[in-house]
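This report refers to the structure that appears directly beneath it.
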Amino acid sequence: MDTGTPTEGDLGQQLRELRARAGLSQEDLSHAAGVSVRALADLERGRTRGPQRRTVQALADALGLDPATTAELEQAASLGRPRPSAGCAAPNALALPRDIQDFTARGPALDRLLALTREIDPANPPVVLVSGKPGLGKTSFAVHAAHRLAPHFPDGQFALDLHGMDPVPTTPRDALARLLRAVGVADSAIPAETEDRAGLLRSVIRNRRLLLLLDNAADEEQVRPLLPGTGPSLTIITSRHALAGLASVHRTELGLLRREEAIELLTRIIGLRRVQQEPQAARDIADLCGHLPLALRISGQRLAARPREHLSRLAAQLAQEGRRLDTLQAGGLQVRAAFALSYRQLAPVHRRLLRRAALAAGPDFSPETAALLADLPLAQAARYAEDLVDAGLLQPDAATERYRFHDLLKLFAAEQSAAEDSTDMCDAAQDRAARWMLRRATAAALRFDADHHRNTPDGDPDPASAPADREEARVWLEAERSQWLAALRRAHAAGHHQQVIDAAEAMHWFSDLNQHWEVWVEVFQRGVDAARALGDGQAEAIHLNYLAWSYNVCVYDHHAALMAADAALQVARAIGDELQVGWALGYGAGALDRLGRIGESLDRLREAAACLGTQTSVQGRLGELTVLNTLGTILRRHGRAEEALAIHRRCEAICHAGMPGQPTELMAMYQATAQQQIGNDLAALGRWSEAEPPLRQSLAGFEAAKMRAWSEPARLDLGLVLRRLARYQEARETLLAARTGLGEVNNPREVEVAAEIRELDRLTAGS
């Protein structure tokens, strides 16, 4: 050997120097030799010391070595190979990796594995597939389970990394050779063909109690030849892919840790004392890691390596969304790298869908949104989204055709979008989606317009796929709330003022169904701003009134409500719009009542009723009904129930008479409101048995209209009457249902229910 030849016996050093001399990167040599990058890196670092002869020959060919240098490389490799006795491979050739002592949670999944072990049928040896998104700890779980189960498999436990995320995963042929050596088959006895090797493996292990851990599988074709046919063995496969084509397997899909489990993992890594000293920071770290085991382990190990660092410092770093993925790395562990492995394996169109979907607003998105952002036909986008689910990169909603990212995966996908798509491309994608969403939202909301009672999706961007009726429109508007609200913001920022006004106006009646949504303040404020930008006084007055309503009813900011109502009143009087004057007086009165200014409130309501009573339009009559109902309600609250009852009876008569051209559904809603108030008036007068029927009718009307923000207060009122009628069991059931419903619509009357149930408990004690 001349002086330029690497030192004999050090395979890793020899390989590094020979590769450098040839001017090749690891990726170049991997591609030329057909050896995975990971396997090549393990050889060069000395983690793998005894590669097979054919691997050495492939490397030599790729490096262009002469026979003498090839022989030296083979000699170095042979020194690292195990020395089996009697022609058999060493029994620990595929020994299990070290278990993690701070392994946390996953109890139910472990219990299912233990149950399988106790009930193995040799005719059908169990195969367990552990799958899930990157970073869930699939390998850690499988290794921990294998160590727990080892006593049940005395004939051996073997772990084989299939390198499924490498550019060139392990072939079934090579994997079978390694498994055959591990179970004692001599090299000379290993067949050449994959099918023959698979048959030999099944034959050799059919009577053995073996545990096989096949880690990081690429696809079904890779693992099928490795599975036992019969015998008392257990096979555990881990994969980022769902491997849906594998039949007769027990599937374990790992999910995110619960918050308490996430904190427990952090505690096991850094110690109880540090977590007890900063419990809130520990909770923040768990939440900012998205309860993802890999992210939590990285955070824990960063802290463990810095015993004097405060948890709050790391929490503050993680809170910076733009730096979060940079922070989540410790040594060779990186959340970003774990995601990148899966991303690089995707086809270009799947990558585009993934990164563009990260531009969607809100926690989840529909196939329509993905299609618009990725500029793909809907059917293709839906199919590709399902492929991403199978790859563990998206999570499907169990009840709807929607998808969501893990928080950290969304940050990663957004990074890829910024790196691979130009700013113009991203802007065009978001503009395309926003225009479509705002048109669909406007058309869907108009289904609830009481003035027009739309039966067709006027203006919808795709009438063929538009919601077919009000119920479908409601479901769509609720599911896509984040998307159409983002579209409204984008239209506002772009100066598309008339589109903003049209969308906000369309939402007016729909907002009554979802009074608990705080977004209505933003929606109607943008309507006000757009009207002012256009100099449209009437639209400004209308949307100021809507804004006053939303401040009063949705966020309970009564000072802001009064300011908006007063502004609406000023604009409406300036342009001579008596209809909006009446509404502004009514909304202002509602705010004054809630602020305790009762006299002023009653004065405004009477003025509003007089103003609206002179209107001949249907809108004026509906406004009069609303104002009269409010006037009666305030009178009742202040001890004037007889006056209130007379006013509400008048409202009921107007509803019975009907209004020309108005849908029965609209009048039924106003009638239900009058009936609720009549029931409450009668209750205030102590006429409990008379109060029950109108309250039941009111509840039925609101439920039929699917107006939970209205039905749940009516249910509470009915429960109060039932208690007074001494029908305690029925009252309890009604009040419990009201408590749940009021909580779900964020109604402050939820507080009343607890006191009423306590009173029921007192009344029924000992009975």
Side-chain angles (χ1 to χ4, degrees), residues 27 133-135 165 167 240 287-290 292 294-295 298-299 314-330 333-376 380-381 384-385 387-389 391-395 402-438 480 482-494:
E27 289 77 11
K133 64 173 66 72
M165 291 293 107
R240 294 189 182 188
D287 293 343
L288 290 165
C289 287
L292 187 72
L294 175 60
I298 290 172
S299 296
L314 176 59
Q317 292 173 338
L318 290 171
Q320 299 178 53
E321 194 172 89
R323 292 183 53 196
R324 192 173 304 162
L325 293 180
D326 292 328
T327 302
L328 287 171
Q329 52 185 316
L333 290 177
Q334 295 184 27
V335 167
R336 182 186 282 111
F339 295 157
L341 283 175
S342 291
Y343 183 72
R344 286 198 297 266
Q345 286 206 331
L346 299 174
V349 70
H350 289 87
R351 294 183 191 179
R352 188 197 339 163
L353 184 72
L354 186 75
R355 64 179 184 264
R356 295 283 183 84
L359 302 175
D364 60 5
F365 61 91
S366 64
E368 288 85 359
T369 298
L372 290 163
L373 290 169
D375 198 15
L376 290 169
Q380 286 185 26
Y384 296 153
D387 293 342
L388 292 171
V389 169
L393 296 173
L394 289 179
Q395 182 67 36
R402 300 183 69 80
Y403 304 90
R404 65 176 59 239
F405 284 96
H406 183 271
D407 290 349
L408 299 178
L409 252 172
K410 186 170 186 178
L411 290 178
F412 172 81
E415 281 187 353
Q416 303 314 303
S417 182
E420 299 181 39
D421 298 326
S422 68
T423 301
D424 288 346
M425 291 171 66
C426 291
D427 284 344
Q430 290 178 298
D431 284 342
R432 183 170 55 246
R435 287 194 301 272
W436 192 96
M437 279 287 165
L438 199 58
E480 297 287 5
S482 296
Q483 303 302 331
W484 60 253
L485 184 60
L488 186 73
R489 291 168 182 157
R490 198 167 184 88
H492 182 265

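We use all heavy atoms of the structure for the numbers below, so side chains are in, but hydrogens, waters and symmetry mates are not.
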Minimum heavy-atom separation for [X] to [Y], with atom names?
X: Phe405; Y: Lys410; answer: CB-CB, 3.6 Å
X: Ala486; Y: Ala361; answer: CB-CB, 3.6 Å
X: Gln334; Y: Leu294; answer: O-CD2, 4.2 Å
X: Arg324; Y: Ala319; answer: NH2-O, 3.9 Å
X: His350; Y: Tyr384; answer: NE2-CD2, 3.5 Å
X: Ala429; Y: Arg356; answer: CB-NH1, 4.2 Å

- [ ] With the side chain counted from C-beta on, respond yes when Gln416 and Arg351 share a heavy-atom pair under 4.5 Å apart, and no when they do not.
- [x]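 No. Closest side-chain heavy atoms not under 4.5 Å.
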Open item on the list: Is there a side-chain contact between Leu408 and Phe339 in this structure, where contact means two heavy atoms from C-beta onward sitting under 4.5 Å apart?
Closed with: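 Yes, at least one pair of side-chain atoms sits under 4.5 Å.
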Rounded to the nearest 0.5 Å, how far does [atom2] of [Y] lie from [atom1] of [X]?
X: Leu359; Y: Thr369; atom1: CG; atom2: OG1; answer: 11.5 Å
X: Leu353; Y: Asp375; atom1: CG; atom2: CG; answer: 11.5 Å
X: Arg323; Y: Leu318; atom1: CZ; atom2: CG; answer: 9.5 Å
X: Ser299; Y: Leu314; atom1: OG; atom2: CG; answer: 5.0 Å
X: Leu354; Y: Leu394; atom1: CG; atom2: CG; answer: 6.0 Å
X: His406; Y: Lys133; atom1: NE2; atom2: NZ; answer: 6.5 Å

Open item on the list: Take a 6.0 Å sphere around CD of Glu321 and say whether it holds more than 12 heavy atoms from other residues, nucleotides or ligands.
Closed with: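 Counting other residues, nucleotides and ligands, CD of Glu321 stays at 12 neighbours or fewer.
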Does [Y] offer a backbone N or O that forms a donor-acceptor pair with the side chain of [X] under 3.5 Å?
X: Gln345; Y: Ser342; value: no
X: Arg240; Y: Pro134; value: no
X: Arg432; Y: Leu372; value: yes

Open item on the list: Testing the 3.5 Å rule here: is there a donor-acceptor pair between the side chains of Arg355 and Tyr343?
Closed with: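 The answer is yes; a qualifying pair exists.
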Task: Test log, rule side chain to side chain contact (heavy atoms under 4.5 Å, CB included), inputs Asp326 and Arg336 - done: CA-CA 8 Å; Asp326 292 328; Arg336 182 186 282 111; 2.8 Å; yes
- [ ] Go through the steps for Val389 and Gln395 under the test side chain to side chain contact (heavy atoms under 4.5 Å, CB included), then give the verdict.
- [x] CA-CA 6 Å; Val389 169; Gln395 182 67 36; over 6 Å; no
TODO: Check the pair Arg490 / Asp427 against salt bridge (charged side-chain N to carboxylate O under 4.0 Å, His left out), numbers first and verdict last.
DONE: CA-CA 10 Å; Arg490 198 167 184 88; Asp427 284 344; 3.7 Å; yes
Open item on the list: Once you measure the plane-to-plane angle for Phe365 and Tyr403, does it fall in the parallel (<30°), tilted (30-60°) or perpendicular (>60°) bin?
Closed with: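 Tilted: the ring planes of Phe365 and Tyr403 meet at 30° to 60°.
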